[in-house]
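Only a predicted model underlies this, so the values are computations on that prediction, with no experimental measurement involved.
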Amino acid sequence: KGLNIKEDIGRGFRRVVASPKPLMIIEADIIRELLSKSIVVIAAGGGGIPVYYEKNKLKGAEAVIDKDLASACLANGIKADIFIMITDVSKVYLNYKKKNQTPLTKTNLSDVKRYYKEGHFPEGNMGPKIEASINFLNNNGKKVIITDIKNIEKALNDRAGTIIEK
């Protein structure tokens with residue numbers, strides 16, 4: 001039918017579409033207002049439809065936006081100080097799953113940028129989370145926490161996970 005299809009190892013086949021970088025979350029002001037009223041908001045997860053303006057109207061795009069990059073964009077849009085990403089590992093590692101694997105506990109933006117350029121965070125693994133962290137901190141964010149759900153309370157108190165600050 002003219003669609004671009006690719007094998008998704010172990011999960012069958014899937015359609016391949018563009019994956020542009022998110023520029024903004026249109027609903028950020030509304031989300032910020034809801035949060036100011038102590039309303040829990042769930043937003044920027046996977047599966048949303050990216051949109052663009054055409055003649056002052058929103059149009060859906062046949063594309064997918066990475067959830068980590070969208071979440072960082074939202075965190076910046078609501079002017080969050082701290083961006084927390086919960087994943088399946090307790091912290092970020094250099095040389096992940098290699099003999100010289102090294103945990104990153106507390107680090108800073110310039111070191112993370114260097115590690116990212118050195119290729120420590122592969123695409124489809126920790127790469128999007130690190131890219132999202134860099135974007136958040138580059139756009140006035142103050143702190144990023146990356147950890148798993150069971151360590152979140154300790155991580156909020158700087159006692160677990162990976163903490164990245166400017």
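Contact detail for Ile65 and Pro20: the closest heavy-atom pair is CD1-O, 3.1 Å. Across Lys143 and Phe136, no two heavy atoms sit closer than the pair O-CE2, 3.4 Å. Here the closest non-hydrogen pair linking Val64 and Val17 is N-CG2, 3.8 Å. Taking every heavy atom of both residues into account, Asp158 and Lys106 meet most closely at OD2-NZ, 3.7 Å. Considering every non-hydrogen atom in both Ala155 and Thr147, the closest pair reads CB-CG2, 3.8 Å. Ala28 approaches Ile78 most closely through the heavy-atom pair O-CG2, 3.6 Å.
Using a 4.5 Å heavy-atom cutoff, the side chains of Asn138 and Leu109 are in contact. Two residues are said to be in side-chain contact when any heavy atoms from C-beta on lie closer than 4.5 Å; Met85 and Ser133 meet this criterion. Considering only heavy atoms from C-beta on, His120 comes within 4.5 Å of Glu118 through its side chain. Contact annotation: the side chain of Thr87 never approaches that of Val92 to less than 4.5 Å [non-hydrogen atoms, C-beta and beyond]. Thr102 is not listed as a side-chain neighbour of Tyr93, based on a closest heavy-atom distance of 4.5 Å or more. In this structure the side chain of Arg15 reaches within 4.5 angstrom of the side chain of Ile5, judged on heavy atoms. Using a 4.5 Å heavy-atom cutoff, the side chains of Asp111 and Leu104 are not in contact. Inter-residue side-chain proximity for Val89 and Tyr96 is flagged as met; some heavy-atom pair is nearer than 4.5 Å.
Taking CD1 of Ile152 as the start and CD1 of Ile145 as the end, the distance is 6.0 Å to the nearest 0.5 Å. Separating the CG atom in Asn76 from the CG atom in Leu137 is a distance of 8.5 Å, to the nearest 0.5 Å. In this structure, NZ on Lys113 lies 13.0 Å from CD1 on Ile130, to the nearest 0.5 angstrom. The CG atom of Leu156 sits 8.0 Å away from atom CD1 of Ile163, with the distance rounded to the nearest 0.5 Å. With rounding to the nearest 0.5 Å, the separation of SG in Cys73 from CG in Asn135 is 8.5 Å. For the atom pair CZ (Arg159) and OG1 (Thr105), the distance works out to 14.0 Å, reported to the nearest 0.5 Å.
Residue Glu62 qualifies as open at atom CD: its count of foreign heavy atoms under 6.0 Å is 12 or below. Within a 6.0 Å radius of NZ in Lys154, no more than 12 heavy atoms belonging to other residues, nucleotides or ligands are found. Crowding of Gln101 atom CD: a count of heavy atoms from other residues, nucleotides or ligands under 6.0 Å exceeding 12. For Arg114, the CZ atom is densely surrounded, since the number of other residues' heavy atoms within 6.0 Å is greater than 12.
Hydrophobic clustering, with ILVMFWY side chains joined whenever heavy atoms are under 4.5 angstrom apart, keeps Ile84 apart from Val144. Cluster annotation: Tyr53 and Val51 are assigned to the same hydrophobic cluster (Ile/Leu/Val/Met/Phe/Trp/Tyr, side-chain heavy-atom contacts under 4.5 Å, transitive). With hydrophobic clusters built from ILVMFWY side chains whose heavy atoms lie under 4.5 angstrom apart, Ile39 shares a cluster with Ile25. Hydrophobic clustering (ILVMFWY, side-chain heavy atoms < 4.5 Å, transitive): Ile149 and Ile82 are in one cluster. When hydrophobic clusters are built by joining Ile, Leu, Val, Met, Phe, Trp and Tyr residues whose side-chain heavy atoms come closer than 4.5 Å, directly or via intermediates, Ile146 is grouped together with Phe121.
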Evaluate side-chain contact (heavy atoms from CB on, under 4.5 Å) for Thr107 paired with Tyr115, printing each intermediate quantity in order. CA-CA 11 Å; Thr107 190; Tyr115 300 143; 4.2 Å; yes

